[in-house]
2 protein chains.
Amino acid sequence: MASSINFVVIDMENKKSRGRPRAFDRTQALELALHLFWAKGYEGTSLNDLTSTLGINAPSLYAAFESKPALYRESIDLYLAQQYERIGALLAQAATARIGLDSMLRGAAEQFTAPDHPPGCPIASGVLRCAEANAAIGELTADHRRNTRAMMLARLQQGQQDGDLPVDLDIHALAGFYAGIIQGMSVQAIDGASTADLLKMADLAMQAWPGNPQAS
Amino acid sequence: MASSINFVVIDMENKKSRGRPRAFDRTQALELALHLFWAKGYEGTSLNDLTSTLGINAPSLYAAFESKPALYRESIDLYLAQQYERIGALLAQAATARIGLDSMLRGAAEQFTAPDHPPGCPIASGVLRCAEANAAIGELTADHRRNTRAMMLARLQQGQQDGDLPVDLDIHALAGFYAGIIQGMSVQAIDGASTADLLKMADLAMQAWPGNPQAS
DNA sequence: TATATTGTGTATCGTTTACTACATAAATAG
DNA sequence: CTATTTATGTAGTAAACGATACACAATATA
């Protein structure tokens with residue numbers, strides 16, 4: 001299972017390196033690569049796509065990022081640092097487990113439909129199926145999905161310890177449910193759902209919270 | 001939006017055709033192709049995968065199925081006829097909208113984890129992202145997802161007409177929610193969830209049903 | 001039997017894939 | 001300055017991709 005802690009490599013632009021300086025912004029290139037993988041998937045993104053979008057030649061890309069799978073991994077790390085962990089923080093920092101899950105779902109609704117990047121989530125809807133040659137990449141994203149679920153489970157356990165959730169609750173089932181909600185929201189976003197649509201879905205998902213008093 | 005009615009081509013084995021007879025069972029080959037696309041995705045399945053698994057050479061495959069995208073389309077049609085429409089029937093034939101959705105979700109839980117085929121659903125988790133060259137294939141599966149949602153919406157409308165759902169209910173939001181549940185269940189199945197896991201998810205999703213009286 | 005029609009196996013086709021050899025350019029270090 | 005180091009652009013590589021040309025085999029029809 002992947003760690004939720006990711007160390008992001010920040011370009012030390014002040015520290016001068018030895019040889020010829022790089023002619024492009026590495027972090028900016030990484031973000032462009034992320035958006036490509038995000039929109040087209042790992043297998044749907046070719047090196048021609050990457051080099052033409054980043055505006056560099058193949059040798060420069062390989063010198064900076066090693067290989068296509070390595071570039072993908074680093075792109076996903078950037079995604080986690082920029083977007084995903086912000087949502088995870090909403091979960092962890094909330095006063096109760098319920099507020100935490102609600103905040104996370106609402107955060108995801110906004111995030112999955114934000115106009116400055118492709119729709120959905122590259123983890124929740126990433127490399128779900130792939131060729132055997134790319135199995136390691138598929139496992140990477142699956143690990144990140146399992147990690148999300150583990151974070152939810154940990155917050156639910158915390159809720160039980162804090163006394164805001166009954167101890168006899170099936171929190172594994174609940175974590176699986178809300179992880180599935182996130183994944184469903186991502187697919188809906190890819191299929192064109194709006195922020196409001198996803199917020200309604202988050203609302204309905206919170207209606208399933210155990211012991212929830214409902215108005216008809 | 002794709003029609004939910006699909007005409008499946010049944011091999012007329014009694015009707016003798018003119019030239020040299022085909023040396024393999026076309027429907028059986030189609031099912032093998034479906035399972036390949038199901039497990040590896042459209043872009044992750046190569047023609048080498050197909051010909052070696054079906055046990056035929058490329059010219060035979062092309063004579064029988066025209067092209068890779070045409071084979072994919074026909075495989076999906078077979079999936080719809082064999083699996084998907086059975087679940088859709090549970091939705092349509094139920095006495096109330098609530099029972100219909102509940103049956104559909106439970107049917108999906110069983111179906112997505114059945115041991116005789118790859119996990120998940122090739123529509124709910126199919127070609128979510130792809131290269132621009134395969135955009136038509138992506139649109140095909142997206143159309144089928146939208147169709148599923150439209151079927152849910154139609155059943156909810158029916159429920160309003162039948163009086164088992166309040167007329168002021170936001171049934172569009174509800175249809176989106178349950179469509180998202182199906183898609184989330186498919187991802188969970190791909191990530192290794194059991195039938196029991198998915199049934200718990202279906203149960204929780206039904207807890208969100210409007211006006212649902214809950215026990216803690 | 002002769003002809004038409006269709007499927008099969010061999011051996012490719014041209015294109016795209018991810019990736020790199022190599023010479024040169026641009027920086028630092030001594 | 002020279003030497004070293006790193007990045008860049010040109011022009012490729014071998015392999016895999018989806019798809020076929022072609023000769024031959026196997027059937028139905030005339």
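Each chain gets a letter, A, B and so on, in the order its sequence line appears, and its residues count up from 1.
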Query - Interatomic distance where CD belongs to A:E43 and P belongs to D:dC17 [whole Å] - result: 11 Å
Report summary line: Among D:dG18, C:dT17, D:dA26, the one nearest any side-chain atom of A:N48 is C:dT17
**Report entry** Nearest-Å distance for atom pair CG/C1', residues A:L47 and D:dA15
**Finding:** 15 Å
**Report entry** Closest approach of B:A202 to B:L105 (non-hydrogen atoms, all atoms of both residues)
**Finding:** CB-CB, 3.8 Å
Report task. Look at the side-chain N and O atoms of A:S46 and state whether any lies under 4.0 Å from the OP1 or OP2 oxygen of C:dT17. Result -> yes
Query raised in the report: CG of B:L153 to CG of B:L174: how many Å apart, nearest 0.5 Å?
Result: 9.5 Å
Report summary line: Result for 5'-nearest mapping on DNA chain C, choosing between A:R20 and A:T45, is A:T45
**Report entry** Pair A:M185-B:Q183, side-chain contact (heavy atoms from CB on, under 4.5 Å): steps then yes or no
**Finding:** CA-CA 8 Å; A:M185 285 170 61; B:Q183 290 147 10; over 6 Å; no
Query raised in the report: Does any donor atom in the side chain of B:R149 or A:Q188 lie under 3.5 Å from an acceptor atom in the other side chain?
Result: yes
**Report entry** A:R18 vs D:dT6: side-chain N/O to OP1/OP2 distance below 4.0 Å
**Finding:** no
Query raised in the report: Side chains of A:L36 and A:L50: does their closest heavy-atom pair fall under 4.5 Å?
Result: yes
Query raised in the report: Can you tell me how far C1' of D:dT6 sits from CZ of A:R26, to the nearest Å?
Result: 14 Å
**Report entry** Rounded distance (Å) that lies between atom P of D:dT27 and atom CZ of B:R22
**Finding:** 14 Å
**Report entry** Atom pair distance, as rounded to whole Å: NZ in A:K68 and C1' in C:dT17
**Finding:** 9 Å
Query raised in the report: Separation of B:N134 atom CG from D:dG18 atom C1', in whole Å?
Result: 11 Å
Query raised in the report: Parallel under 30°, tilted from 30 to 60°, perpendicular over 60°: which one fits the rings of B:Y42 and B:Y72?
Result: perpendicular
Query raised in the report: Which residues, if any, of residues 52-65 of chain B bring a heavy atom under 4.0 Å of DNA chain C?
Result: B:N57, B:P59, B:S60
Report task. Look at the rings of A:W209 and A:Y178 and say which category their plane angle falls in: under 30° parallel, 30 to 60° tilted, over 60° perpendicular. Result -> tilted
Report task. Figure out the CD1/P separation between B:I137 and D:dG18, and round it to whole Å. Result -> 12 Å
